[in-house]
Amino acid sequence: MYKQYPLSLAFLTVQGCPPLEHVKAAAQSGYDMAGLRLIAPHGLELAHPIVGNTPLIREIKTTAADLGISFYDGEVFTLLPETDVESWLPVIEVAAEFGMPVMQITCEDPDLSRASDNLGRIADAAAQHGMKMAIEFMRWRSTATIQDAARLAAASGRDNVGILLDALHLSRSGGSPADVAALPAGQVLYLQLCDAPARQPADNAACIAEARTGRMFPGDGGLWLNELMSVLPRDITISIETPHKGDSTLGFAERAEKGMAATRRFLDALDS
């Protein structure tokens, strides 16, 4: 039954949604938690800045408390050759104020030593708030595969660094459920769940477009999701990340509802 999995509304499912509406959509659709974008991925702009806006932070916290929604993950640091970890500290502080247990991080630094050093430093800052860093691998980034992510996590030498497993990125980087099963127990911190056609996109540009706007609902595509779920803990937190190519005609709440309904159907069917 889906009730055994904590469910969080991912940023991309309601991409473009102001954070207050994001929280309300999560509550309306039956999510346990919500994830918020606190810092833009490298090369993108942040449509609704939160860090530094004290009145907005207070209003988001109050609204979430009133609606019974907690926060799970904050998006998303990007490790670069020129990364200044000190500039990220205000983001960590806001994530801690929201009670987020996890911050996402990606890597665009090909130098493992430098990247792992910076990762270790931000992980130390996060640890002061009981927070973990989750490395998200994507085939177009320097940390492209699940093995790359595991290598970076190990090189950091920190026990509060693990892996964010995105089903789409696992597929598109050539990975499989067997690669997940080969990881040390507990290294996968949580799962971003969606589906997709089994056939790979033609190139990285198509892969990026698919990831951001063209995913499928769990159970509607050709990925090995049943096998993937079988190698993950039965209480792993699931972030429902289903930005769909039909979303442009839907309101934010309807996008959240459709992602939740499809995920519930998929999870219920696992035990049927």
Side-chain angles (χ1 to χ4, degrees), residues 6 8 10-11 33-44 46 50-52 57 70-138 141-166 169-170 173 175 179-180 182-192 232-233 236-239 241:
S8 182
F11 169 84
M33 299 170 289
L36 298 177
R37 180 160 284 183
L38 303 180
I39 181 172
H42 179 62
L44 298 180
L46 197 60
I50 298 172
V51 177
I57 292 168
S70 59
F71 296 100
Y72 189 71
D73 55 340
E75 299 187 20
V76 53
F77 293 130
T78 307
L79 289 164
L80 300 167
E82 65 271 21
T83 286
D84 173 17
V85 170
E86 292 294 318
S87 70
W88 287 352
L89 298 183
V91 181
I92 289 289
E93 294 293 332
V94 171
E97 189 168 352
F98 284 134
M100 292 174 170
V102 177
M103 275 294 302
Q104 294 181 22
I105 191 162
T106 64
C107 184
E108 289 280 28
D109 188 347
D111 185 320
L112 179 62
S113 177
R114 180 175 54 210
S116 62
D117 179 65
N118 282 325
L119 174 57
R121 291 168 60 207
I122 194 62
D124 288 344
Q128 295 178 25
H129 303 282
M131 193 182 308
K132 296 182 178 182
M133 302 301 301
I135 302 167
E136 184 172 22
F137 58 94
M138 306 173 194
R141 302 208 183 274
S142 295
T143 298
T145 67
I146 195 167
Q147 291 84 7
D148 292 339
R151 191 175 304 115
L152 178 58
S156 77
R158 304 314 197 270
D159 60 10
N160 67 324
V161 174
I163 293 173
L164 160 54
L165 179 63
D166 183 312
H169 295 319
L170 180 66
S173 61
D179 295 314
V180 178
L183 294 175
Q187 189 162 45
V188 174
L189 299 182
Y190 68 112
L191 170 68
Q192 284 183 333
L232 292 170
I236 192 168
T237 295
I238 294 175
S239 176
E241 189 170 64

Closer than 3.5 angstrom, by distance alone: can the side chain of [X] be matched with the main-chain N or O of [Y] as a donor-acceptor pair?
{"X": "Asp117", "Y": "Arg114", "result": "no"}
{"X": "Asn160", "Y": "Met131", "result": "yes"}
{"X": "Asp73", "Y": "Val102", "result": "no"}
{"X": "Ser116", "Y": "Leu112", "result": "yes"}

Taking the side chain as every heavy atom from C-beta outward, state whether [X] and [Y] have any pair of such atoms under 4.5 Å apart.
{"X": "Met100", "Y": "Leu36", "result": "yes"}
{"X": "Val180", "Y": "Ile146", "result": "yes"}
{"X": "Leu165", "Y": "Phe137", "result": "yes"}
{"X": "Val161", "Y": "Ile135", "result": "yes"}
{"X": "Met103", "Y": "Ile122", "result": "no"}
{"X": "Leu152", "Y": "Cys107", "result": "yes"}
{"X": "Leu38", "Y": "Phe98", "result": "yes"}
{"X": "Trp88", "Y": "Arg121", "result": "no"}

Closest heavy-atom contact between [X] and [Y]?
{"X": "Ala153", "Y": "Gln187", "value": "CB-NE2, 3.9 Å"}
{"X": "Tyr190", "Y": "Thr237", "value": "CB-O, 3.4 Å"}
{"X": "Ser173", "Y": "Thr145", "value": "O-CG2, 3.9 Å"}
{"X": "Gly35", "Y": "Ser8", "value": "N-OG, 3.6 Å"}
{"X": "Leu183", "Y": "Ala150", "value": "CD2-CB, 4.0 Å"}
{"X": "Ala125", "Y": "His129", "value": "O-CD2, 3.5 Å"}

Working to the nearest 0.5 angstrom, can you tell me the gap between [X] [atom1] and [Y] [atom2]?
{"X": "Arg141", "Y": "His42", "atom1": "CZ", "atom2": "NE2", "value": "8.5 Å"}
{"X": "Ile163", "Y": "Gln147", "atom1": "CD1", "atom2": "CD", "value": "9.0 Å"}
{"X": "Leu164", "Y": "Met138", "atom1": "CG", "atom2": "CE", "value": "7.5 Å"}
{"X": "Ile50", "Y": "Ile57", "atom1": "CD1", "atom2": "CD1", "value": "7.5 Å"}
{"X": "Leu79", "Y": "Met133", "atom1": "CG", "atom2": "CE", "value": "7.5 Å"}
{"X": "Leu44", "Y": "Arg37", "atom1": "CG", "atom2": "CZ", "value": "6.5 Å"}

**OP:** Give the C-alpha distance, both sets of side-chain angles, the deciding distance and a yes or no for side chain to side chain contact (heavy atoms under 4.5 Å, CB included) between Ile92 and Phe77.
**Re:** CA-CA 10 Å; Ile92 289 289; Phe77 293 130; 3.9 Å; yes
